[in-house]
Asker: 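My questions all concern the structure below.
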Amino acid sequence: MKILTGNSNKHLSQKISKFLKNRLVNSNIRKFADGEIYIEINENIRGNSIFLIQSVSSPANDNLMELLLSIDALKRSSAKNITAVIPYFGYARQDRKVVPRTSISAKLVSNLIAKAGADRVVTVDLHSGQIQGFFDIPVDNLFATPIFARHIKKKLKKNNIICVAPDVGGTARARALGKLLNVDLAIVDKRRPAPGKSEVMNVIGNVKNKTCILVDDIIDSGGTIVNAASELKKRGAKDVHVYVTHGVLSGNAVEKIKKSSIKNLVVTDTIDNSMKVKKAKNIEVLTISNLVGEAIKRISNSTSVSDLFK
Ligand code: R5P
């Protein structure tokens, strides 16, 4: 088994490599003067099972192309099999046509990854579980909830906690975390008047005097979470703590969060945002490396991955 990293999140790849006590494959990913990506694997990988780690995070188009070209290079170098480890699966939010004449990017990206030559995909908190069905190869979707639950139990265990989904689509995720913590669930009724804009219509459940744990898969502009947190405070919540797997944190999201009523935002390192969050006192990053590393180990040994979440 060998591990290869793309450029999107080398920090995470290095941590996974350390966990597995397996060094990263020597490779170069460069750009031609016109921006085209060039990949070269500098060691023999013939007959090896390769785990290629690459998030489709910003710059999403470059990182996606890097992922596809790396798979192609591995296939043409006679790797025995190729597992695309995509901690952040970008382009996943367009998973159906919500209005006429739009693309379904999650399906197209799934097709591209399979067509390039991946034999298996490992990812973390897919935006929607059904994206697994867009592939005809195995997909292991890992969950950050156990990592969040451990952190919450350590930091907030004496509080009167309730788990809150920031929109109806996030109900299953919030319920899963609530189950691990043995607490109730509330749901924010969110409306999107336009892409990138969100409005809170209602809150289902009583959050008065409670420590609210808002949980989501993605924080992008921060609008969904900041609006939900402010509504929860208006309704008498004691504190709002936020747990989000993928810290996309575009534009002025970090500033927005710093100024918001959110007591603490916890994200994972599926996206390398170490520079962005460096100076934000109310943002904390937990690493997902041991979870991904353990999943890689189990896949390599043909043992159960789902047992990790029992
Ligand atoms: C939407 O369904 C997702 O789960 C997130 O809530 C959304 O992508 C967050 O985006 P933003 O931070 O821009 O509101």
Side-chain angles (χ1 to χ4, degrees), residues 55-58 60 86-99 102-107 109 123-132 134 141-145 148 163-178 185-204 212-233 240-262 264-268 270-271 273 276-277 280 282-285 288:
S55 276
V56 182
S57 50
S58 178
I86 312 171
Y88 173 61
F89 194 105
Y91 277 113
R93 281 175 281 181
Q94 294 168 60
D95 56 2
R96 64 196 187 285
K97 284 174 74 170
V98 276
V99 289
T102 54
S103 67
I104 303 181
S105 62
K107 173 63 179 159
V109 168
T123 187
V124 183
D125 279 324
L126 262 180
H127 178 60
S128 53
Q130 62 268 26
I131 294 172
Q132 289 169 89
F134 293 177
N141 184 23
L142 311 177
F143 306 104
T145 28
F148 291 159
C163 267
V164 186
D167 51 33
V168 176
T171 309
R173 190 171 295 111
R175 187 179 290 125
L177 183 61
L185 173 73
I187 301 165
V188 175
D189 176 15
K190 176 182 93 174
R191 196 176 75 104
R192 272 218 190 272
K197 288 210 163 72
S198 67
E199 278 172 15
V200 173
M201 307 303 286
N202 202 355
V203 175
I204 304 158
C212 293
I213 307 284
L214 263 170
V215 56
D216 209 349
D217 60 333
I218 298 170
I219 180 160
D220 187 354
S221 66
T224 299
I225 287 297
V226 169
N227 291 347
S230 121
E231 187 62 32
L232 294 173
K233 286 293 273 187
V240 181
H241 296 255
V242 180
Y243 286 79
V244 181
T245 310
H246 309 295
V248 175
L249 298 169
S250 316
N252 65 346
V254 171
E255 281 309 307
K256 243 192 236 174
I257 291 150
K258 276 207 253 175
K259 289 183 198 148
S260 74
S261 50
I262 295 167
N264 199 33
L265 163 68
V266 175
V267 293
T268 77
T270 56
I271 297 172
N273 39 34
K276 279 189 193 169
V277 305
N282 64 343
I283 306 183
E284 196 176 335
V285 182
I288 202 97

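Every value quoted in this text rests on a predicted model; they were computed, and no experiment measured them. One-based numbering, in listed order, for ligands and for the atoms of each. One is the number of the first residue; the rest follow in order along the sequence.
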Asker: Going by an N to O cut-off under 4.0 Å, is there a salt bridge joining R192 and D167?
Answerer: no
Asker: Judged on heavy-atom distance to atom 7 (C) of ligand 1, which of K256, R173, R192 sits nearest?
Answerer: R192
Asker: Which residue holds the protein heavy atom closest to atom 13 (O) of ligand 1, what is that atom called, and what is the gap in Å?
Answerer: S221 OG, 2.6 Å
Asker: Atom CD1 in I271, atom OG in S58: separation rounded to 0.5 Å?
Answerer: 8.5 Å
Asker: How far is atom 4 (O) of ligand 1 from the closest protein heavy atom, and which atom is that?
Answerer: D217 OD1, 2.6 Å
Asker: Could you pull out the closest heavy-atom pair between P166 and T224, with the gap in Å?
Answerer: CB-CG2, 3.8 Å
Asker: Considering heavy atoms of the protein only, find what lies nearest to atom 14 (O) of ligand 1 and give residue, atom and distance to 0.1 Å.
Answerer: T224 OG1, 2.5 Å
Asker: How does D167 reach ligand 1, if at all, at less than 4.0 Å between non-hydrogen atoms: by side chain, backbone, both, or neither?
Answerer: side chain
Asker: Find the distance between CG (L126) and CG (N141) and round it off to the nearest 0.5 Å.
Answerer: 4.0 Å
Asker: What is the nearest protein non-hydrogen atom to atom 8 (O) of ligand 1, stated with its residue, atom name and distance?
Answerer: R93 NH1, 3.2 Å
Asker: Starting from atom 1 (C) of ligand 1, what is the nearest protein heavy atom, named by residue and atom, and what distance separates them?
Answerer: H127 CE1, 3.7 Å
Asker: With side chain to side chain contact (heavy atoms under 4.5 Å, CB included) as the test, pick out the partner of I225 among L265, D220, I262.
Answerer: I262
Asker: Between H241 and N264, do the side chains contain a donor N or O and an acceptor N or O under 3.5 Å apart?
Answerer: no
Asker: Can you spot which of V254, L249, V248, T268 makes a side chain to side chain contact (heavy atoms under 4.5 Å, CB included) with N273?
Answerer: L249
Asker: Determine whether any heavy atom of G222 lies closer than 4.0 Å to an atom of ligand 1.
Answerer: yes
Asker: May I ask which of D95, I218, D216, T245 has a heavy atom nearer to atom 6 (O) of ligand 1 than the others do?
Answerer: D216
